[in-house]
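Have a look at the structure below before the remarks.
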Number of protein chains: 2
Amino acid sequence: MAHTAGVSIKTVSRVLNRERNVSPETRAHVLAAAASLNYTPNVSARSLAGARSYLIALLYDNPSAAYIADLQAGAFSACRTGGYHLVVEPFDSTGPAVEQAVADLVVKLRTDGLILTPPLSDNPAVLDALDRLAAPYIRIAPGASPERGATVSIDDCGATLELTRMLIRDGHRRIGFVEGHPEHGASRMRREGFLAAHREFGLAPDPELIVPGQFSFLSGVDAGSRLLEHEDRPSAVFACNDDMALGVMSVANRLGLSMPAQLSVVGFDDTPTARVVWPQLTTIRQPVSEMAASATQMLIEGATGEKAEHRQLDFEIILRGSTGHGPYLGVGF
Amino acid sequence: MAHTAGVSIKTVSRVLNRERNVSPETRAHVLAAAASLNYTPNVSARSLAGARSYLIALLYDNPSAAYIADLQAGAFSACRTGGYHLVVEPFDSTGPAVEQAVADLVVKLRTDGLILTPPLSDNPAVLDALDRLAAPYIRIAPGASPERGATVSIDDCGATLELTRMLIRDGHRRIGFVEGHPEHGASRMRREGFLAAHREFGLAPDPELIVPGQFSFLSGVDAGSRLLEHEDRPSAVFACNDDMALGVMSVANRLGLSMPAQLSVVGFDDTPTARVVWPQLTTIRQPVSEMAASATQMLIEGATGEKAEHRQLDFEIILRGSTGHGPYLGVGF
DNA sequence: TCAGCGCATGACAACGCTGTCAAGTTGATT
DNA sequence: AATCAACTTGACAGCGTTGTCATGCGCTGA
């Protein structure tokens, strides 16, 4: 390669790394030679010799396929534009030695950065291990100690507040709340938003209408049963994610409650299924893919050091039939 | 590390690579030292010096998040037990230079193997490029030229045959068929199965009831409209995947057709949504995760050479409410 | 007794790049 | 004309492993 271009191997390196102080002609020669030979530098050699590995790791422990796929798509597109590659690694965050596994990963792969998704983003042992290795990481949607490291999130509390506010304005006074997985930081913030909306209107939510959930469809079914078979059942239910909202809807169906006439339901995430069920589900869209892309960029640009940026992206409230705000029928697209 | 164990760096390498001709005591010493130091060999250095990179790439161009997530889970678990890492790369298989992009990936990362998922697994240009580089690959669910390279698949034709047979036995005589994405090899095989079932019973399917699809919800809606608004509409519809089946169901809903009384619908894939809609969808479960795990293992064991294995895993027919065979609980449309 | 073999171990040169430093070239400044 | 700074380029030494080859040991069989 260096030979074809008629320059030293080092100069090729300079051109390909966009270093300064290379004459335009040399640069052109090298680029032409590289193009004609389909030359691409070997990542292992680069990693071994230099400071960067061109590898970003995406760590997850999350049951939601849609969430991960979105995340991955965002992270990947940022990687590609930066010439990076994405290594994905699921982790059992409840396992005994997550931090060791994560540390091993960093040592073995010399990743230039890690993207931590919930609930890994709130695992103190993992954060400690990464700090010890001085491995850059970005926490997606952290709940606890939001000041640690760089973070990317949406305003979970504000989003929940806003949508709950809307339900109250629509006249709902007894609103059920299905909590999220207790280990996800977002769960707490969403709960806070829910309560804050009630405070704004001087309402006191009934504690019996706040039931636990695990972010899964089945836990939504359980929660739905508890709420809708309650003697004084709520007229609306806020589920902390779409999967659970669907669980609630299935219970409503079984009980013959018509939505939204007898029951409004809202979710969180805007999963593909939310648009497919009937009535279509009112929900909150997080820009998951953008969040991952943003995190990846921060990692690539090395913006994780002292100044530890905290990006907050915009959410979007999607009004649909399950609250009587969108088309009831049809597959309105 | 070598120092702690009191042996040469080469001996450490031997122990960690499970080479023969190391005395048991030395092996024990080295392993103890490695454990106490949390030592893990650097992947880049290994890749650079040796023949293996400990990297497997999973290539996809597939809209279905659930499919990819399952694939990834399977590939990952096989990677972990083998000490490998998984690099995922989406590709636009319709793009102009997929094969170049894939080739670059192989050169840059020196991956030990690639997993090609549909429709990439049927892209001849990509296969050619990989053959040229002598890069091992496994094709998941290939359609065309199934003899090329090693493959992992299910019997798409047989699965469709079996489920269609069941519909016919249930008394259906006019059965609609929503074809899959034309670039996916499985589409053709499923179509064949559908036709074969008709032949078995001496039936001739109405060509007007065989309509194209793209594997997407929307294309299912289109197909559903064509089929169900037909003057002599079918009493059952076989959709080549669940997403399209859901599209058909949403049209049935709009037209006020009750399922399964007036219309039976079946899909293919057993996506999570299939269990969530009402009535729940009868479908065919592919062991996607096992397929990926199997492919990964073949790659790690280097079983892709001359003898080019062709593994076929078992499918499972899941009977549910949309054909009147299972419980009705679920979310409505 | 001694060649001949198998086994256990280490020395050393790659692998394909990047970081460092030195050398050469050009143009501006004195 | 001499000096110096700024730029351009290349030589060379690693990076942390593996592959190859050499060494030394104990054992076997003539």
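Here the structure is a predicted model, which is why all the values come from computation and not from measurement. To find a chain, count down the sequence lines: A is the first, B the second, and so on, and within it residues start at 1.
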| Hey, does the side chain of A:Ser53 reach the backbone of A:Leu55 with a donor-acceptor pair shorter than 3.5 angstrom? |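 Yes, the answer is positive, given that a donor and an acceptor are paired below the 3.5 Å cut-off.
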
Measure the shortest side-chain to side-chain distance between [X] and [Y] over non-hydrogen atoms and say whether it is less than 4.5 angstrom.
X: B:Asp92; Y: B:Val98; result: no
X: B:Arg46; Y: B:Asn42; result: no
X: B:Ile140; Y: B:Leu116; result: no
X: B:Asp112; Y: B:Leu299; result: no
X: A:Ile138; Y: A:Val152; result: yes

| request: For residues 22-79 of chain A, pull every pair meeting ring pair (Phe, Tyr, Trp, His ring centres under 6.0 Å), keeping only residues two or more places apart or in separate chains. | output: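 Listed once each, the pairs are A:Tyr54-A:Tyr84.
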
| request: Would you please test B:Asp128 and B:Arg148 for salt bridge (Lys or Arg N to Asp or Glu O under 4.0 Å) and show each step? | output: CA-CA 10 Å; B:Asp128 288 344; B:Arg148 264 191 96 165; 2.8 Å; yes

| Touch class at under 4.0 angstrom, heavy-atom based, for B:Arg52 against every strand present |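 Here B:Arg52 touches no strand at all.
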
Whether the [X] and [Y] side chains hold a donor-acceptor pair (N or O, under 3.5 Å, no angle test) is what I'd like checked.
X: A:Ser44; Y: B:Ser47; value: yes
X: A:Ser294; Y: A:Arg311; value: yes
X: B:Ser8; Y: B:Thr11; value: yes

| A:Glu25 or A:Ile9: which one's nearest nucleotide on DNA chain D is closer to the 5' end? | A:Glu25

Report yes if at least one side-chain N or O of [X] is closer than 4.0 Å to OP1 or OP2 of [N]; otherwise report no.
X: A:Tyr39; N: C:dG16; value: no
X: B:Asn42; N: D:dC15; value: no
X: A:Ser13; N: C:dC17; value: no

| request: Applying side-chain contact (heavy atoms from CB on, under 4.5 Å), name anything that partners B:Ser187, two or more places apart in sequence or on another chain. | output: B:His184, B:Phe215

| query | For A:Leu114, which of A:Val106, A:Leu58, A:Ile56 qualifies under side chain to side chain contact (heavy atoms under 4.5 Å, CB included)? | reply |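 Answer to the side chain to side chain contact (heavy atoms under 4.5 Å, CB included) test with A:Leu114 among A:Val106, A:Leu58, A:Ile56: A:Val106.
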
| query | Does anything in residues 43-50 of chain B reach DNA chain D, meaning a heavy atom under 4.0 Å, and if so which residues? | reply |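 Output list: B:Ala45, B:Arg46, B:Ala49, B:Gly50.
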
Atom [atom1] of [X] to atom [atom2] of [N]: distance rounded to whole Å?
X: A:Asn17; N: C:dG16; atom1: CG; atom2: P; answer: 17 Å
X: A:Leu16; N: C:dG16; atom1: CG; atom2: P; answer: 16 Å
X: A:Leu109; N: D:dT17; atom1: CG; atom2: P; answer: 13 Å
X: A:His3; N: D:dT9; atom1: NE2; atom2: P; answer: 18 Å
X: A:Glu19; N: D:dG10; atom1: CD; atom2: P; answer: 13 Å

Using atom names, set out every protein N or O paired with an N or O of nucleotides 4-9 of chain C below 3.5 Å, distance rounded to 0.1 Å.
residue : atom : partner : partner atom : Å
C:dA8   : OP2  : B:Asn21 : OD1          : 3.1
C:dT9   : OP1  : B:Ser23 : OG           : 3.4
C:dT9   : OP1  : B:Thr26 : OG1          : 2.5
C:dT9   : OP2  : B:Ser23 : N            : 3.0
C:dT9   : OP2  : B:Thr26 : OG1          : 3.2

| query | Which of the following nucleotides, D:dG19, C:dC17, C:dC15, is nearest to the side chain of B:Ala51? | reply | D:dG19

| Nucleotide nearest B:Lys10 (side chain, heavy atoms from C-beta), chosen from C:dG16, C:dG10, C:dC17 | C:dG10

| Are B:Arg285 and B:Glu290 ion-paired here, with the side-chain N under 4.0 Å from a carboxylate O? | yes

Table of protein N/O atoms under 3.5 Å from nucleotides 24-28 of chain D N/O atoms:
none

| note | Axis-to-axis angle across the helix from C:dT1-D:dA30 to C:dT30-D:dA1, five pairs each end, nearest 10 degrees, ~ 50°

